[in-house]
Structure formats: structure tokens, C-alpha cells
2 protein chains.
Amino acid sequence: MVRVSDASPIWIRPARGARGPQPTHSRDEIVEAAIALADAEGLAAVSMRAVATALHTGAGSLYRYLSSRDDLLDLMTDRVAAGLRPFPEPAGEPVDSLIVLAGRQLALYRRHPWVIDLLHRPTGIGPEALAWFDHCLGALAPVPCGSAAKFEALAMMTGVVTLFARTESAAPPPAFTGLDLTVYPHLVAAFADPGVRRPDLFDRTLRGLLTALLYD
Amino acid sequence: MVRVSDASPIWIRPARGARGPQPTHSRDEIVEAAIALADAEGLAAVSMRAVATALHTGAGSLYRYLSSRDDLLDLMTDRVAAGLRPFPEPAGEPVDSLIVLAGRQLALYRRHPWVIDLLHRPTGIGPEALAWFDHCLGALAPVPCGSAAKFEALAMMTGVVTLFARTESAAPPPAFTGLDLTVYPHLVAAFADPGVRRPDLFDRTLRGLLTALLYD
DNA sequence: GTAAACTGCGAACGACGTTCGCGGTTTCTC
DNA sequence: GAGAAACCGCGAACGTCGTTCGCAGTTTAC
């Protein structure tokens, strides 16, 4: 019995061998079904059995195409990253270009909120994610700082984007009923004077961050 | 059969009723064992059965003290947040104070890396986390902006700290063996010229971020 | 003294990821 | 063309997980 083994990353592993009957399904079909499930009911609903049921087959059959559920999650992440295309062309100042790119990333996370929970895994940097990263590096070409600083800036940028996306998609925390709030004087004072919320938080945050990391 | 129900958050739920024999264990004891397990073997090792075994009992017995595993994770998070005490007293510029506070938070995440994976949950803002947040708000008292901006700045600060902590604790990604790297021209060019890495990345990132959010 | 509310315990349930062996199908090699 | 090798779908099964439940025993309230 030969199944899809995990000797090498899923990206460069052949989908099937040369002999045997033509497969009923395909990796793309499985990944598409899994993404539809995640979009509709969240990441927890993406179980091997659920994906298999959506494809009218059994859970064990999926292991003809994938070596593990982690592989499936990796493929989902990269497939969704393909939705970043077409890449916006850099125009104007590099920081402005990056803010546009970050906005596109944020829009993607809004469309597929479950991706946020897959980004912090060490695995799963696929070809599409690499292409996006490469494009962002291209937008940073005019900046005269070293490559290490650019890597750090892009990593921080992606992190901030996920922070914004998470804040948006997260449910509001439950009320503090039952807690003795007098122990938190600054907190109650702040709630008494909410102040006005600046609208362009995303832009200002990224501009401050990127300027500090690239030009200081 | 009356167990610990989930009608209200775990923080204000009484640990036990008035009648019945004296319990063998306690919430604190369970949380402590769970934290020790997470420190030693990671969050995945914190199963109800494993915690129960460490306490020489059965998994089902834990539900006399907790209503779910999520409750246990909430308690672990807040218990670890108590390690932020004693709070550093604000001194000098508010931004400088915040950077000191952020550094303390980073040190905590270094001691308990698994906490990072628990922070993005909507539940689990316990009294210790609230006290820390209140103290940070106090350090921001001299800043003349509105409370909403301060909330946003603190949320971003915590987010950036988790980004740094995650980057440190994450294993390096597997090599890109087998991928056609010529498709990523900027990436290979950047790897050819790594440049020099600035040492004070944490400070500069936070300073740029906080200044943009609080004073612009 | 009796009833109510609690205790620990262990078996059990359903869901999960994954493995395995089976019979059948396709392709390669001679 | 014959046979071996590799692959296919399928369904049962394994071990682990969080959680529920009933039972027997213990403590408290009235």
C-alpha cells in the first residue's frame, strides 16, 4: 500500500503516480471543498470526515491525496493566498505602496477569517505566499536599508494586518458582570470618557511602524 | 447531579457549595498542574486526562471543579498573568514607560510560550489581565488623547509583543528545497545581500507605533 | 433522623485524525 | 498477451480527545 507520504513538503509532492485507475477526485477539488466549509462554518468544521462527506466519500479516502490534515491546511492557506492576485503595482513612496498592499491583505483576511488562525504555524509557506512576499520586497526596492530590515518590516506588517483582522472578526468580549470594578480605577475612568475614535487607524499604525523600521 | 455549571464566567463562580465532603483538590491545584504540564511539554499536552493523571485522579473528576477545558485554559492564562507583578512604576515619558511594560510582557511570554496561543480567544479576560491593563492605562494618564485611542494603542502594543514572542519561539521554517526560486527575483536578491540586523528592533517598533497612535 | 447537596470514581458516548487490508483497475515490462 | 507492480475506493478499526452519567459514600441543614 502506497499512499501520499510526507517525505517532502506537499507543494512539490506529485499528486499521483503513473499507474492505477484515474482518481475520482483531485487535490484542488478537496482543497476547494475544505475552503467552502471553512468559509461557511469556520475552521473547526473542517474535519476530514466533513470534507470527505462533502465530496461523497469516506474520510480514509482523502489520504490518497494528502498525507495529513496539516497538509490540507497548508494547501488551503496557499490556495487562499492566490486570491491576492493581481498584485497592485507599486506607485509613489514605498511606504504608501506597502500600505496599499497591506490593505489588500486585510481584505483577504476579511473574506476568509479562518486564515488568520493558520498563519502562525511554522509550516505551510507555499508558492503563492512566497510570490506575495517577493512582490512586497519589490515594492521596497527603492528603500536603501538592508535586506534584514526589510524582512523584519514585512513580518511586522503582516503581523499588524492579522491583528486588525482578528480584532474585527473577534466577537466582543463578554461583559465584566460580577467583577469588582473599583479595583481598576483607570479602566472605569477611561470608560467614562470614551473620546473619539480616529478613523484612519490602519493607515496611521502602519505608517508609524514602517517608517520606524525602514528609515530610522 | 450538580457540577460546576457554565452560567457565569469562571472567575466569579464559587469553587464549591456548602455541603458535601471536603474536596480532595482545588482549582488552584489543578491550574498549577496544568501550567506545569504546558511549560514542560506544550499546550497540546494539557489534556484533561493528563492533568488528572498528574493529580492522581480521573479525567471526569476534574469537572467537579471546572465546567470545561476552555475554563481551565482561561484560568491558566490569568494565573500566568499574575506573574506580571509587581508592576513597574511609570517613570519618564509615557511611551518609555509603555516600552518597559511591553518588555515585561515579552519576558512573561518567553517564560510561558504557550500563553501566546491562548491570547486571541474572545473569552478569558480575567482579573489579573484586567489589573495589568488598568496599570498600562495609568501609565498613559499624562497623554492628552482620548480613551479610545489609548485602548487601541494598548491593543496594538500587546499584539506587537505577541508577534515578537511568536517569532522568537517559532521554529525556523523548513528550507525551500524543490521550489523553483527563479520565480521570486526579489527574494533571491534579498538573500544574496542580507545586510545588518539592527539590535533594538523591539524598542524601535514600539516607539514608532505608539508615537503614531498617541501623538499624531 | 432524614433529606438534600455534595464528593470521587470509572465506565461510556460521540467525534476526531489516522491506519490498514481488501477487492478491483490501470499501466508497465517482458 | 501474460503477469507483476502500482494505484484506486472503501469501510472497518485503533487510539485519543472532551465530556456525560450513574453509582456509592460523605457531609451539612432543617
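The chains referred to below are lettered A, B, ... by the order of the sequence lines, with proteins before strands, and numbering in each begins at 1.
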Filtered N/O pairs between nucleotides 16-18 of chain D and protein, under 3.5 Å:
unit_1 : atom_1 : unit_2  : atom_2 : d
D/dG18 : OP1    : B/Arg69 : NE     : 2.8
D/dG18 : OP2    : B/Met48 : N      : 2.9
D/dG18 : N7     : B/Arg49 : NH1    : 2.7
D/dG18 : O6     : B/Arg49 : NH2    : 2.9

Practice task
For the pair B/Trp114 and B/Asp39, evaluate side chain to side chain donor-acceptor pair (under 3.5 Å) and give the outcome as yes or no after the intermediate values.
Solution key: CA-CA 8 Å; B/Trp114 45 270; B/Asp39 284 338; 2.7 Å; yes

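- Residues A/Arg121 and A/Asp70 are in side-chain contact: their nearest non-hydrogen atoms beyond the backbone lie under 4.5 Å apart.
- Straight-line distance from the CG atom of B/Leu55 to the C1' atom of C/dC9: 15 Å, rounded to whole Å.
- In this structure, B/Phe151 and A/Phe191 have tilted ring planes: the angle between them lies in the 30° to 60° band.
- If you check C/dT7, C/dC22, C/dG24 against the side chain of A/Pro21, the one that comes closest is C/dG24.
- The main-chain N or O of A/Ala155 is never found under 3.5 Å from a side-chain atom of A/Thr158 such that the two would form a donor-acceptor pair.
- Here NE2 of B/His135 is found 11.0 Å from CG of B/Leu154. Values are rounded to the nearest 0.5 Å.
- The distance from atom CD of A/Glu29 to atom P of D/dG9 is 10 Å, rounded to the nearest whole Å.
- Residue whose closest nucleotide on DNA chain D sits further toward the 5' end, between B/Asp70 and A/Pro23: A/Pro23.
- Looking at which nucleotide of DNA chain D each of B/Gln22 and A/His25 is closest to, the 5′-most match is held by A/His25.
- The phosphate of D/dC8 has neither OP1 nor OP2 within less than 4.0 Å of any side-chain N or O from A/Tyr65.
- In this structure, A/Glu168 pairs ionically with A/Arg110, as a charged nitrogen and a carboxylate oxygen lie closer than 4.0 Å.
- Distance, A/Arg64 CZ to C/dC20 P: 12 Å, rounded to whole Å.
- A close approach under 4.0 Å does occur between a side-chain nitrogen or oxygen of A/Thr57 and OP1 or OP2 of D/dC10.
- In this structure, the CG atom of A/Leu62 is 14 Å from the C1' atom of D/dG11, given to the nearest Å.
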